[in-house]
Amino acid sequence: MTATVPKKKKSGQSYIWYLFLLPTIVGIVLFILYPVYESFRLSFFRSSGASETWVALSNYERVLTSSSFWNSVYNTFYIAFFQLLIAIPLGFIIASFINSITRFQNFFKSVFFLPHVTSMVAAAMIFSFVLHPEMGLFNYFLDSLGLPTSSWLSHPDSSKGGVVLLTVWHWLGFVIIICLANLQAISSELYEAADIDGASGLQKWFFITIPNMGGTFAFLLVIGWIAGLQRFNEVFVFGGASGSPSRSLQTMVLFIYERGFSGFEFGIASAATVILFIIILVLTLINLRLARVRM
Amino acid sequence: MHKRWMRKVGMVGAVAALTLAACNGEEDAGSGDDATGNGESSSSGDADTLRVALIGGYEMSSTTDPITGETVEGLEVIKDEFESQNPDIEVEFIVMPWSNHVANTQAMMSSGEADIYQMPGINDFAAQGMLEPLQPLIDEDGFDLDVYIDNQVEGWLTQGPDDDDLAIYGLPAFGDSRFVAYDGQLFEEWGVEPLSDYPDMEEILEKAEQMTGENPVTGEQNYGAWFSGEHSTLFQLVNAAEGQNRQWGEGYEWSEIEFAFNSDEMVTGLEWLVDINEFTPDGNMSAQGNEQWMTENNNIAIRLHAESAEIIQQVQAQGLEDRIHVVQEFKNDEGIGGMFAGSPLSIAADSENQDIAFEFLKFTASDFFQEFMWEQHSGVPVVEAASDWASIQELELMEGVLEAAANPWTPRYPWSSSQPRYILQTAVEDALTGGTDAEDALENAQAESEQWLEDR
Amino acid sequence: MAKRRKIINALITVFLFVFGLIVIAPFIWMITVSFDRLANIQIPFPPSLIPDEPALFNYELVFENGRIFRAYMNSAFVTFVSVAIQASAALLGGYAFSKGRFKGKRILFILVLATMMVPIEARLIPLYQMFNQVNLINTFWPLILPTILYGLGIFLCKQYFDQLPDTLREAARIDGAGEFKTFFRVYLPLAGPITATLVILSFMSNWNEFLWPLVVINSESLQTIPLFLASFSQQNQTQIAGMTMALATMSVLPIIVLFLFLQRYIIQSIALSGIKE
């Protein structure tokens with residue numbers, strides 16, 4: 001690339017920038033463009049790694065008519081939906097509380113953020129004990145408050161609830177940090193004006209704070225959905241590749257993993273991958289649109 | 001203040017980053033060496049090195065048992081002994097975890113990382129032509145297969161791509177068996193007759209029901225039974241069908257296999273499991289609720305589909321020799337039944353060290369290897385000679401354990417490492433957790449498995 | 001009025017303390033159980049702050065059985081190299097996109113941003129097959145090589161370098177310095193804060209990476225911390241609470257300590273990126 005540089009120094013200068021970007025360009029070609037192309041290509045073949053047979057759309061047909069795929073879609077959306085439904089409002093309320101007090105602000109930030117720095121695998125390992133139906137900390141806590149307990153991870157009706165608890169616990173700190181950063185960015189003039197009008201704290205919160213946080217909530221929603229669609233670590237630790245009990249924890253990525261790496265059905269797994277990828281792509285585009293609006 | 005500090009950290013980071021980037025070629029090569037240094041991935045066909053891939057928590061050096069606190073010897077012992085018997089050979093062990101072992105094995109085999117593999121999923125690999133047929137090596141060597149406990153060699157028979165009949169592709173090395181274990185003390189406290197040596201479904205259900213509730217002597221909550229609702233429940237179900245003189249289906253090669261997952265006997269078996277599930281602790285569907293099993297505070301009367309390792313390891317450590325007893329899983333009229341368990345060792349078809357590899361297979365049938373596995377890792381011996389060892393005779397329940405190893409269903413269910421296994425397991429879980437009734441669940445499993453076979 | 005404000009403030013603080021305690025209760029329980037000699041035999045119940053029979057036994061197990069150290073070394077090695085590569089690639093790339101003038105710059109930058117939309121899940125199987133073809137499965141290579149592309153890092157670096165004036169470049173050019181020299185001598189020394197952010201973000205994502213290593217690492221001696229924990233947990237279920245919790249403590253504690261030391265910067269970095277994984 002740099003071989004033709006000497007003659008025209010000024011325009012030749014620009015080639016050097018490709019050197020700066022060499023690792024990135026190689027990375028894009030080898031680890032993004034090629035694999036994504038391959039994922040699409042493989043989804044039209046029956047393949048176990050060694051041999052490949054063209055099967056047109058039959059993989060898609062099998063995936064889209066398979067009840068276990070739709071079950072995994074349902075599980076993925078269910079967990080993400082309730083995680084966001086609980087974590088965003090709760091995190092926002094706690095962030096508002098932390099923002100309103102004068103002492104211990106940093107202390108509380110750290111405390112609530114602690115779960116988020118723990119790896120999800122370690123967190124799931126701890127929660128398999130915390131959610132133990134008989135000797136678990138959480139049921140003990142519920143019981144001592146006189147609340148009904150649950151069998152959590154050991155029954156398909158409650159297992160997703162257990163995962164939601166874990167993910168809320170793990171994600172809450174992130175929501176709080178993002179909310180706090182944006183709370184502190186709301187112009188203080190707005191509040192001062194409201195003070196002059198004699199608004200109470202709660203009124204200010206409802207009529208100034210919440211409307212000003214719209215962008216933040218939207219951002220958290222999209223980020224949360226994207227991460228939720230990629231859910232794997234915690235459900236894998238709890239229920240293995242098939243998402244036990246009774247496939248109630250099998251998410252879309254687990255489905256791909258089970259078909260791809262336990263059964264070596266690469267074609268089926270690739271078709272499911274393409275479907276997942278398209279959903280994520282749409283959400284990310286929405287995210288970029290929102291980010292532009294925010295900036 | 002903080003800014004300046006942060007800048008310093010950043011600077012150091014930046015410099016380190018760029019220096020590293022500059023020489024990252026070398027750095028990475030280092031990582032590759034590291035890997036091979038551990039005996040991981042040397043792909044050279046050095047005739048002097050025998051690479052053995054094992055599955056499970058084996059360590060090279062000694063470790064401490066988490067429950068008993070006793071020292072457990074590592075694989076070094078095996079390596080040293082084999083190398084002293086075969087001075088020109090160096091043994092390298094590669095250990096992979098049980099989780100995901102099928103995919104791991106596949107990847108290792110396709111890149112030729114070992115000569116010998118621990119091979120619980122022998123059928124799929126033999127069918128792909130990746131394993132060496134052992135009969136010629138056995139004949140050439142004159143190795144006598146009678147050293148093994150009955151049915152152990154038969155259990156691993158399978159077919160290669162060119163075989164018309166079942167053939168030997170693996171020899172037993174790591175023994176294991178499945179049986180019913182019970183706590184005699186709980187039976188006594190409840191005033192229930194001990195289990196008979198060959199209990200049937202009715203007997204187990206009846207006794208489990210009797211012993212669920214508040215223990216009349218201790219006042220503790222007791223459960224009549226426990227089994228894991230994860231991973232392996234389907235084998236208990238298949239065994240229940242065997243007890244009624246049926247089987248999972250028939251055939252050996254994928255093209256010939258016919259499933260009978262929805263037979264009346266399977267339905268009866270699953271309904272029986274659903275009934276028993278009433279008398280188990282809540283957590284059993286996620287393999288929990290048995291934390292007190294095999295301790296002196298045990299609250300579980302009958303352990304269905306018990307694994308040898310969990311019993312043997314703890315029965316002595318916890319001093320439960322007089323409480324825990326072993327009886328057989330369900331047998332058909334010919335006295336056969338129950339899942340064939342354990343792992344054989346197989347030789348990779350592309351191994352360049354097949355003769356040495358066979359020496360190692362023979363070595364694993366020696367008393368030295370088998371006693372090591374038995375004493376250090378609570379493995380069930382696979383050799384006939386074991387029943388004479390003093391340490392085995394001392395432990396009364398070993399009689400039942402070894403009997404269970406001698407008459408399971410053989411050969412091993414050919415689909416037991418493939419998708420139908422997971423399909424059937426899901427059906428069992430559906431029925432046990434009340435999502436579907438037994439008959440519908442099994443109809444679904446049958447249809448799904450047939451569809452899978454067809455799509456293959 | 002001021003008094004009422006004070007009471008509300010106190011109430012909120014108390015609430016936050018109680019709720020905070022609930023949030024970190026699993027950690028407290030984890031540590032308690034890890035020091036309980038009897039916890040391997042039976043999960044301590046009802047939960048208490050002080051173990052029935054306090055002992056270091058579980059930690060001895062974790063130390064003696066050794067695999068946690070091997071996993072630590074593996075994780076440390078992979079993470080260190082990955083962070084170094086990611087930070088370098090991002091600094092170089094971000095600088096080029098900020099100060100460089102070359103053909104295809106805009107398209108290339110959009111492409112880099114687009115890479116952030118392609119999660120590992122969408123590439124899992126082809127990447128696996130690719131590394132399998134060149135016999136690099138079950139080595140650290142598949143974990144390290146793909147880190148040469150770091151879209152988020154390039155984006156953050158570009159924004160950072162955009163804020164630095166171009167006049168510095170011109171001064172360097174007059175002195176006769178080439179582009180690389182200008183970058184290393186003039187801009188890199190000013191890039192401390194953004195490098196710290198890159199290191200923090202890249203460290204957190206590499207250290208916790210799970211799915212991709214799960215697919216490409218087969219043998220136990222190459223397991224990273226998350227892989228080791230997952231296979232330990234799946235093998236033992238809830239059978240040996242004491243040792244499991246000692247392991248969890250050992251794996252969680254260093255990160256927590258690091259976090260407590262660097263919390264301000266970590267929180268800033270995360271607020272800046274808006275994205276963790």
Side-chain angles (χ1 to χ4, degrees), chain A residues 14 16-18 20-21 23-24 26-28 31-32 35-36 38-39 42 49 97-98 100-101 104 108-115 117-119 121-122 125-126 128-130 132 135 137 140 174 177-178 181 219 223 227 230 232-233 237 240 253 260-261 266 269-270 273 276-277 280-281 284, chain C residues 9 12-13 16 20 23-26 29-30 43 45-47 89 92-93 95-96 100-102 108 111-112 115 117-119 121-127 129 146 148-149 154 179 208 210-211 215 226 229-230 233-234 238 241 244 248 251-252 255-256 259-260 263 267 270-271 274-277:
Chain A
S14 76
I16 195 144
W17 296 109
Y18 296 116
F20 275 84
L21 286 168
T24 304
V26 171
I28 291 177
F31 303 123
I32 301 282
V36 168
E38 268 291 297
S39 275
L42 268 176
F97 277 161
I98 294 178
S100 76
I101 56 175
F104 304 118
F108 284 126
K109 260 197 225 178
S110 298
V111 164
F112 289 110
F113 200 67
L114 268 188
V117 291
T118 328
S119 82
V121 174
M125 188 160 143
I126 299 167
S128 63
F129 286 91
V130 168
H132 191 286
M135 285 176 271
L137 196 59
Y140 177 76
F174 178 78
I177 295 302
I178 298 290
F219 167 76
I223 287 285
Q230 298 172 33
F232 178 82
N233 301 3
V237 173
V253 182
F261 295 98
F266 286 143
S270 295
T273 301
L276 174 68
F277 181 46
I280 291 179
L281 207 62
T284 316
Chain C
N9 219 320
I12 288 179
T13 311
L16 286 175
V23 165
I24 58 167
W29 185 82
M30 164 185 87
I43 301 179
F45 193 84
L92 287 168
Y95 178 74
R101 259 177 298 142
F102 53 95
L108 209 54
L111 206 57
V112 168
T115 63
M117 292 187 220
V118 192
E121 288 82 1
R123 300 172 279 142
L124 204 56
I125 288 163
L127 277 181
Q129 289 189 324
I148 61 170
L149 172 65
I154 290 181
E179 293 298 349
N208 292 335
F210 181 63
L211 175 56
V215 168
L229 292 183
S233 174
Q234 290 188 329
T238 43
T244 311
S251 78
V252 162
I255 302 298
I256 287 184
F259 167 69
L260 292 178
Q263 45 160 315
I267 287 176
I270 283 175
I275 304 162
K276 196 204 117 202
E277 268 97 27

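Keep in mind that the numbers below use all heavy atoms, side chains included, and drop hydrogens, waters and symmetry copies. Bear in mind that the values here come from a model prediction, so they are computed numbers and not experimental data.
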Query raised in the report: Hey, which of C/I24, C/V252, C/V112, C/I125 has the most heavy atom pairs under 4.5 Å with chain A?
Result: C/I125
Report task. List the atom of A/P35, the atom of C/P126, and the distance in Å for their closest heavy-atom pair. Result -> O-CG, 3.2 Å
**Report entry** Structural part of C/F45 lying under 4.5 Å from a heavy atom of chain A
**Finding:** side chain
Report summary line: Sequence neighbours excluded, the answer for side-chain contact (heavy atoms from CB on, under 4.5 Å) partners of A/Q230 is A/I226, A/I280, C/P119, C/E121
Query raised in the report: So do C/V23 and A/P115 actually touch side chain to side chain, heavy atoms under 4.5 Å?
Result: yes
Report summary line: Pair count under 4.5 Å, heavy atoms only, with chain A: among C/P47, C/G93, C/S233, C/A25, highest is C/P47
Requested in this report: Select, from A/L281, A/L276, A/N233, the one with the greatest count of heavy-atom pairs under 4.5 Å involving chain C.
Outcome: A/N233
Query raised in the report: Do you know which of C/L127, C/T244, C/L108 has the most heavy-atom pairs with chain A at a distance under 4.5 angstrom?
Result: C/T244
Requested in this report: Rounded to the nearest 0.5 Å, what's the gap from CG on C/L111 to CD1 on A/I32? Could you check?
Outcome: 9.0 Å
Query raised in the report: Given that the side chain runs from C-beta out, which part of A/T273 has a heavy atom under 4.5 Å from chain C: side chain, backbone, both or neither?
Result: side chain
Requested in this report: Would you indicate whether the side-chain heavy atoms of C/P26 and A/F129 approach each other to under 4.5 Å?
Outcome: no
**Report entry** Which atoms of C/M30 approach chain A - backbone, side chain, both or neither, heavy atom under 4.5 Å
**Finding:** side chain
Requested in this report: Measure the shortest side-chain to side-chain distance between A/F31 and C/I148 over non-hydrogen atoms and say whether it is less than 4.5 angstrom.
Outcome: yes
Query raised in the report: Using the ring of each side chain (for Trp, its six-membered ring), is A/F20 parallel, tilted or perpendicular to C/Y95, with breaks at 30° and 60°?
Result: tilted
Query raised in the report: Is it the backbone or the side chain of A/V253 that comes under 4.5 Å from a heavy atom of chain C, or both, or neither?
Result: side chain
Query raised in the report: Which of the residues C/A230, C/P46, C/G100 is involved in the greatest number of heavy-atom pairs with chain A at under 4.5 angstrom?
Result: C/G100
**Report entry** Portion of A/I28 that has a non-hydrogen atom of chain C nearer than 4.5 angstrom
**Finding:** both
Query - Residue selection (most heavy-atom pairs with chain C, distance under 4.5 Å) from A/L137, A/I177, A/L42 - result: A/L137
Query - Among A/I98, A/V130, A/L114, A/V36, residue most engaged with chain C (heavy-atom pairs, under 4.5 Å) - result: A/L114
Requested in this report: For C/T13, enumerate each residue passing the side-chain contact (heavy atoms from CB on, under 4.5 Å) test, keeping only those at least two apart in sequence or located in another chain.
Outcome: A/I101, A/F104, A/F108, C/N9, C/F17
Query raised in the report: chain C heavy atoms under 4.5 Å from A/F97: which part of the residue, side chain, backbone, both or neither?
Result: both
Query raised in the report: Looking only at heavy atoms, what is the nearest atom pair of C/S251 and A/A122, with distance?
Result: OG-CB, 3.9 Å
**Report entry** Toward chain C, the part of A/A181 with a non-hydrogen atom under 4.5 Å
**Finding:** side chain
Requested in this report: Specify whether C/F102 and A/Y18 have parallel, tilted or perpendicular ring planes, treating 30° as the upper limit for parallel and 60° as the lower limit for perpendicular.
Outcome: perpendicular
Report task. Among C/L124, C/V215, C/I154, single out the residue with the greatest number of heavy-atom pairs under 4.5 Å to chain A. Result -> C/V215
